[in-house]
Each structure stands twice: as structure tokens, then as C-alpha cells.
Number of protein chains: 2
Amino acid sequence: MLRLSTKGQYGVRAMFEIAKGDPEKPTNIRQIAERQDVSVAYLEQILNTLRRAGLIQSIKGPGGGYILSKTPSEIAIGEILKELEGPVAITSCLDPEEGCSRVETCVTHLLWRSLGEKIQDFLNTITLEDLLNEEALLKEAGTTRTISLTWGTTG
Amino acid sequence: MLRLSTKGQYGVRAMFEIAKGDPEKPTNIRQIAERQDVSVAYLEQILNTLRRAGLIQSIKGPGGGYILSKTPSEIAIGEILKELEGPVAITSCLDPEEGCSRVETCVTHLLWRSLGEKIQDFLNTITLEDLLNEEALLKEAGTTRTISLTWGTTG
DNA sequence: AAAATACTTTAGTGATTTTGTCAAGTATTA
DNA sequence: TAATACTTGACAAAATCACTAAAGTATTTT
Ligand code: FES
Ligand code: FES
């Protein structure tokens with residue numbers, strides 16, 4: 001339950017891949033596609049959305065590609081997902097575009113709203129920089145799984 | 001994003017409706033359907049799943065219906081959803097039945113896992129009793145929205 | 001100017017999932 | 001034994017997902 005679409009997943013992975021690159025040298029779409037194992041055509045859609053949202057910039061011509069509009073620490077995962085999948089809305093009742101007449105008296109509504117806010121908070125806290133740091137830790141530890149996540153459950 | 005299917009939503013609402021009833025007198029399916037505005041046929045599917053999972057018991061014959069197998073405080077929302085929608089799995093990589101070869105080195109995987117665990121923890125903390133208490137508060141406050149949720153975001 | 005590179009945009013499509021409905025049961029009790 | 005009520009499995013319309021395809025626009029190098 002509560003699955004994220006591939007669009008959101010690929011979007012985050014693509015942003016991560018761009019973040020890993022040199023801020024001066026754009027990462028081109030084929031590199032992203034290859035490293036993250038996603039089709040170029042599908043990535044085009046995704047990166048386009050993210051560019052229109054202002055999260056990345058594109059540079060055309062030979063040697064072109066994509067760069068981040070802000071530093072990795074300023075880009076939260078929640079922002080990326082929001083652009084690709086809209087705001088967190090556990091139920092249609094919570095969707096600004098749909099709504100529900102029961103809202104006023106519905107107890108479960110409060111539950112879903114509360115859960116949604118918790119998720120949103122979490123996603124807005126984690127940034128691309130956190131992912132970069134995490135990868136550094138992963139490599140250090142070799143194949144051993146890192147537990148020292150600042151956003152882990154044990155914390 | 002991250003929408004719950006209606007099956008899960010209706011399931012929780014149905015369980016709440018049963019929890020509201022007298023533990024001695026079963027709530028019949030038509031009452032649930034009417035009060036929660038869901039079709040009887042669809043509810044049958046849902047309640048059947050929940051019964052097989054042991055969360056509710058059915059009582060046949062005239063005056064029959066459904067009762068909870070445990071007290072409301074012993075039934076977490078997470079249990080209900082798990083039966084109707086399977087475990088939380090933000091990505092297919094996290095699904096026990098699917099998996100992914102990248103798991104070992106994938107940073108985003110750690111992110112989704114962490115988020116999933118947070119959601120799971122939350123859903124396992126809230127019980128039907130919490131919902132009952134919340135409704136009592138709601139009625140007390142009239143149309144004013146209650147903010148005093150123990151599981152609210154204001155903490 | 002021309003060619004190469006690379007991003008941009010819009011359509012369309014097959015597979016899958018969701019959201020139910022329908023119909024024919026079985027079990028229990030007044 | 002009739003009425004009530006739960007049980008089960010099959011099925012289907014609708015929506016969403018996860019892409020693919022193709023033609024276009026912009027920029028830079030030669
Ligand atoms: S059913 Fe829509 S708010 Fe509860
Ligand atoms: S893509 Fe499957 S674990 Fe990251």
C-alpha cells in the first residue's frame with residue numbers, strides 16, 4: 001500500500017544523479033538514463049516537468065545537459081515529488097481539487113490528514129545533500145548496510 | 001501522491017462503525033453501508049477479508065451482523081490496512097515479492113525504507129479507540145475543528 | 001551555413017490496477 | 001420453512017500507470 005509511482009522514484013534518482021555531477025558541467029540525459037537504468041524518452045518527460053518547476057536548468061547544444069538550480073542542500077525530496085506527483089493526499093477527500101462533504105464530521109479524515117502531514121514533513125526535511133552524504137557512508141562501509149541514518153527509525 | 005485505495009479507506013470506516021456499536025449487538029452490513037455511504041456488495045468483499053484475517057467475527061441469522069474480535073484499543077489502523085492492501089511498500093524494490101538488484105548500493109532505497117517504517121509506526125500506534133475518542137472530542141467542539149489530536153502535527 | 005548535439009513537446013498505447021457490480025450460494029434463527 | 005444475513009467467486013467498466021514514438025526547437029562547433 002501507499003506506493004509511489006515510478007515517475008516520482010525516477011525523478012528523485014535523476015535529481016540525485018545530477019547532484020552527484022560537477023555543478024559547472026551539465027549532466028546529459030543519456031548519462032542519467034544509463035546510470036539509473038531508465039529510458040531516455042521517459043526521463044525526458046520527467047526532467048521537463050522538473051525544469052518547468054524551476055528545480056533544474058537545461059543547457060542546450062553540444063556538451064549540454066542538466067544542472068541543479070539550487071545547491072543540493074536546498075532541494076528537498078518533497079519538492080521533487082510534489083512537482084511530479086502533486087501534493088501528498090492520502091485520500092481524495094484531502095485533495096484540494098476533489099474534496100468531500102463529510103469532512104466536517106469525519107474522524108478518519110483527521111487521521112489521514114495527520115498522516116499526510118507527517119509524511120510531508122519527513123520528505124521536506126530530507127534533501128539531496130542528505131542522499132549524497134548517505135552514499136558516502138555507504139561506500140565507506142562497503143557492502144555492510146549503514147544504520148547511521150540521521151533519518152533512520154532508531155534515531 | 002501516495003494515495004490509499006478506497007478499499008483501505010472504506011475498511012477503516014467500516015471497522016470504526018462496528019467499533020461504535022454495542023459490543024454485544026452485532027452491526028449488520030446494511031447499517032454500515034448506509035452510515036458510511038458505501039455499497040453493500042463492495043462492503044461484503046471488504047468485511048470478508050477482515051473476517052478471514054480474524055479482526056472481526058460474523059454472526060449469522062436474523063439480528064446477525066459483525067462484531068470486533070478484540071477491543072477497539074487492541075486494533076490498530078495499520079492492521080486493518082495491512083489486510084486490505086498489504087504491507088507498506090513505497091517502491092516495488094521494497095516489496096518482499098518483487099525486490100530489486102540495486103538494493104545494496106541504492107541510496108534512495110534507504111530513503112523509501114525509512115519513510116515506510118515511519119508510516120508503519122504511525123499506523124500501528126493509532127487504534128480504533130483513538131478514533132472513538134477523537135469523535136467524542138469532535139462532537140463536544142461542535143463544528144469547530146479539534147486541534148487537540150494526540151497524533152496531530154503540533155505535537 | 002551546415003551539421004551535430006541535445007533538449008522540448010505532444011500524442012498515443014498496452015498493461016495493470018482500481019472500483020466496483022452481479023449472481024448464486026451457505027448458514028442461522030424466528 | 002421462510003426470512004434474514006453472511007459468503008464466495010466471477011466479471012467488467014473506468015482510471016491510472018508506465019512507458020514509446022515522433023517530430024520539433026535551440027545551441028554550438030566546424
Ligand atoms: S469520507 Fe471524505 S472526509 Fe471522510
Ligand atoms: S532502484 Fe531498486 S533499490 Fe533503488
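Order of the sequence lines sets the chain letters (A, B, ...), proteins ahead of strands, with each chain counted from 1.
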Integer-rounded Å distance: [N] [atom2] and [X] [atom1]:
X	N	atom1	atom2	value
R52(B)	dG9(D)	CZ	C1'	10 Å
I29(B)	dT4(D)	CD1	C1'	13 Å
R51(A)	dA26(D)	CZ	P	12 Å
I56(A)	dC7(C)	CD1	C1'	11 Å
L47(A)	dT9(C)	CG	C1'	14 Å
I59(B)	dT7(D)	CD1	C1'	16 Å
R30(B)	dT4(D)	CZ	C1'	7 Å

With a 4.0 Å limit, can you tell me whether S58(B) has a side-chain N or O closer than that to the phosphate oxygens OP1/OP2 of dT7(D)? yes
Does a salt bridge link E117(A) with R113(A), judged by any charged N lying under 4.0 Å from a carboxylate O? yes
Can R13(B) and E135(B) be counted as an ion pair, charged N to O under 4.0 angstrom? no
Considering residues at least two apart in sequence or located in another chain, which fulfil the side chain to side chain donor-acceptor pair (under 3.5 Å) criterion with E74(A)? T71(A)
Test side chain to side chain donor-acceptor pair (under 3.5 Å) applied to R51(B) - qualifying residues, sequence neighbours left out: N48(B)
Determine yes or no for a side-chain-to-main-chain donor-acceptor pair under 3.5 angstrom, with [X] supplying the side chain and [Y] the backbone.
X	Y	value
Q31(B)	N28(B)	yes
E79(B)	A76(B)	yes
D130(A)	T127(A)	yes
E85(B)	L2(A)	no

Check nucleotides 17-19 of chain D for protein N or O atoms closer than 3.5 Å to its own N or O atoms and list the pairs.
from: dA18(D); atom 1: OP2; to: T6(A); atom 2: N; distance (Å): 3.0
from: dA18(D); atom 1: OP2; to: T6(A); atom 2: OG1; distance (Å): 3.2
from: dA18(D); atom 1: O5'; to: T6(A); atom 2: OG1; distance (Å): 3.4
from: dC19(D); atom 1: OP2; to: Y10(A); atom 2: OH; distance (Å): 3.0
from: dC19(D); atom 1: N4; to: Q45(A); atom 2: NE2; distance (Å): 3.0

In Å, rounded to the nearest 0.5 Å, how long is the span from [atom1] of [X] to [atom2] of [Y]?
X	Y	atom1	atom2	answer
I32(A)	Y66(A)	CD1	OH	7.5 Å
D22(B)	E24(B)	CG	CD	6.0 Å
Q57(A)	I18(A)	CD	CD1	11.0 Å

Using a heavy-atom cut-off of 4.0 Å across all strands, would you classify N28(B) as base, sugar-phosphate, or nothing? sugar-phosphate
In residues 17-26 of chain B, what residues come within less than 4.0 Å of DNA chain D, judged by heavy atoms? none
Contact list (N/O, under 3.5 angstrom) for nucleotides 13-15 of chain D vs protein:
none

Between the protein and nucleotides 23-27 of chain C, list the N/O to N/O atom pairs that are separated by less than 3.5 angstrom.
from: dA27(C); atom 1: O4'; to: K60(B); atom 2: NZ; distance (Å): 3.0

